[in-house]
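Worksheet: the structure to be examined is printed underneath.
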Amino acid sequence: MSLVNQTPQWQALQQHWDALQAARIQDLFAAEPKRAESMRLSAAGLQLDYSKNLVTQETLSLLLALAEAVDLKGWTRRMFDGEPINNTEGRAVLHIALRNRSNRPIQVNGEDVMPLVNGVLGRMEQFVDRVRSGDWRGHTGRRIADVVNIGIGGSNLGPKMVCAALAPYQRDDLRVHFVSNVDGTHLVETVQRLDPETTLFIVASKTFTTQETMTNATSARDWLLAALGDPAAVAHHFVAVSTSAEKVAAFGIDTANMFGFWDWVGGRYSLWSAIGLPIALAVGFDRFVELLEGAHAMDEHFRTADLSENMPALLGLIGVWYANFAGARTHAVLPYDQSLRYLPAYLQQGDMESNGKGVTREGVAVDYSTGPVVWGEAGTDGQHAFYQLIHQGTQTIPADFIGAIRSHNELGDHHPKFMANFFAQTEALMRGRTFEEALAEQRAAGLPEEQAQWLAHHRTFPGNRPTNSILMERLTPRTLGALIALYEHRIFTQGVIWGVNSFDQWGVELGKQLASVILDEIQSGKVTADHDPSTRALLEHFIRQRRG
Ligand code: F6P
């Protein structure tokens, strides 16, 4: 199969870019009087305005033709039908089944997975109700006040992001904490203020082999046993979320207290599974179901809407336009919602682990850009940090602005001020300020001509910086579910265009393998493996200094 950049649809886009690149987004509004309305879309409680992009109706038609050429609709159907589209691991990709609230049967190898999904959801509900009602007690009979989720990557970032996002729905008497890093500081600083008698640990690991998680879980168990003495306490204070019952049992957690999921759930797509247990504990099972419902609504939109009106597909295609034709290397996610402060970090794994690939599904090296660097920060903090570069730096950084009409904390005029910044930034990024405008301002301020000219260069903004605006009525479990699913399908769309497998992550393996060799060397004090001179010298220094 030829690479996507060899297709006539790609070539047509290249030619179109050559013609359009000098255009100004602002002028496109004048050329298309209905642009603001026609480039606005609503789905699953979210509204998207994509009119502030350097795209015309022709660009969109060409991008849609590219989507057709790579059979985006066909790949979408294959994913939703449970076909093994994760070809390097021979697995289906069915996070959509986890939130399939219609219960439509979804077959994997001839078996409907919905009874499995519903079975685990049922067990989660019972457990969550027991903990939240105080029926589940710690070893000494006290009710649980703190839950510590131990997991990393997909077994951490999703639940952590969602718990922060849904803080307004949480109770004060059941706090949820997250420990991910194998740096002992993370665990120590988390548990030091907790009472072992009232703490419940969730050990969350798809594989139950991840070094960071198993090390933290072992130390957490030691901490508990040091305080409570009795090994029988583990059963009251540890539960597990994993695909491997065998390994959970080997660790010493009763499999009666294990919540399963399946190899067709990718780690970075797993917050909808039992990996979402901390979310359900934090906000209650009914709210967790609302999160699933929001995602399901977006799934149905993605699955059924025509590509020309398909929010995730259009976002994905516009992203391809910038990554592959405009030369953008990064993509900024800018939530104007403090509760969404972990969304950029969550999407870094979601996007970069999915589409940070250099070969196609067939193993052919690509000679075009694939996944961009994803980054961001909640507004307005970002404005006072890196927006300078977005406004006046030398690269194009497409950005998504995400905000709500109403805040959960309507404090005085905070929210109007906050959102005024959202709208002002998207407008300023598009409009910029010409040299002439800047000069006129300086002259009006009474500056001598030479100084006015000089300063005007510094105060000129090129503008034409593209943004998407995503608005919701309020950040609720439902709108959050839809928002996350929107990004998941955007990632999927881009993976299909680039022809990569978005669902494996071989790139994290090499470092892991080398780390295990080096750990043996550090522990034995002897550097024996065939290292490069720099690594060897660093290791010897580290070992010497720790001995000293
Ligand atoms: O970072 C690599 C990775 O395999 C991720 O894909 C995954 O989310 C994370 O490690 C944690 O894996 P596990 O849930 O198996 O502990």
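Read the numbers this way: they start at 1 and go in the same order the structure lists the ligands and their atoms. This one's a predicted model, so the numbers in the text were calculated from it and none came from an experiment.
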| Backbone, side chain, both or neither: what part of T207 comes under 4.0 angstrom of ligand 1, heavy atoms only? |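 For T207, backbone and side-chain atoms both sit under 4.0 Å from ligand 1.
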Inset, instruction - Give the contacting part of Q505 toward ligand 1: side chain, backbone, both or neither, where contact means a heavy-atom distance below 4.0 Å. - result: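 Contact part for Q505 vs ligand 1: side chain (C-beta onward).
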Do the rings of [X] and [Y] sit parallel, tilted or perpendicular, given the 30° and 60° boundaries?
{"X": "F288", "Y": "F285", "answer": "tilted"}
{"X": "F201", "Y": "F238", "answer": "parallel"}
{"X": "H408", "Y": "Y169", "answer": "perpendicular"}

| said: How long is the straight-line distance from CG of L48 back to CG of L315, given to the nearest 0.5 Å? | reply: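 Interatomic distance, L315 CG to L48 CG, rounded to 0.5 Å: 5.0 Å.
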Need the ligand 1 atom indices (1-based, order shown) with element for anything under 4.0 Å from a heavy-atom of [X].
{"X": "G154", "answer": "7 (C), 8 (O)"}
{"X": "T210", "answer": "12 (O), 13 (P), 15 (O), 16 (O)"}
{"X": "Q349", "answer": "5 (C), 6 (O), 7 (C), 8 (O)"}
{"X": "I152", "answer": "9 (C), 11 (C)"}

query: When you measure from atom 10 (O) of ligand 1 to every protein heavy atom, which one gives the shortest distance, and what is it?
result: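 Going by distance alone, atom 10 (O) of ligand 1 is nearest to K512 NZ, 4.6 Å.
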- Query: Of the protein's non-hydrogen atoms, which lies at the shortest distance from atom 2 (C) of ligand 1, and what is that distance?
  - Reply: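 Result for atom 2 (C) of ligand 1: V508 CG2, 3.4 Å.
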Original post:
Within the distance-only criterion (no hydrogens, no angle test), does the side chain of N324 pair as donor or acceptor with the backbone N or O of S369 below 3.5 angstrom?
Top reply: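 Indeed, once roles are kept as given, a pair shorter than 3.5 Å links the two residues.
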| request: Using heavy-atom distances, let me know which of Q211, R268, E353 sits nearest atom 6 (O) of ligand 1. | output: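 Among Q211, R268, E353, the closest heavy atom to atom 6 (O) of ligand 1 belongs to E353.
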S205 N/O to ligand 1 N/O under 3.5 Å: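 Yes, since at least one N or O of S205 sits under 3.5 Å from an N or O of ligand 1.
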- [ ] Look only at interatomic distance and state if F208 has a nitrogen or oxygen under 3.5 Å from any nitrogen or oxygen of ligand 1.
- [x]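 N/O-N/O distance under 3.5 Å: no.
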Worksheet item: Strictly under 6.0 Å, is that where the ring centroids of F127 and F259 end up?
Response: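 Ring-ring flag for F127/F259: true, centres closer than 6.0 Å.
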For the pair E488 and R268, find out whether any cationic side-chain nitrogen is under 4.0 Å from an anionic carboxylate oxygen.
->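 Judged by the 4.0 Å cut-off on N to carboxylate O distance, E488 and R268 do not form a salt bridge.
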Q. Taking the side chain as C-beta and beyond, is there a heavy-atom pair between R175 and H177 under 4.5 Å?
A.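 The answer is yes, as the side chains (C-beta and beyond) meet within the 4.5 Å cut-off.
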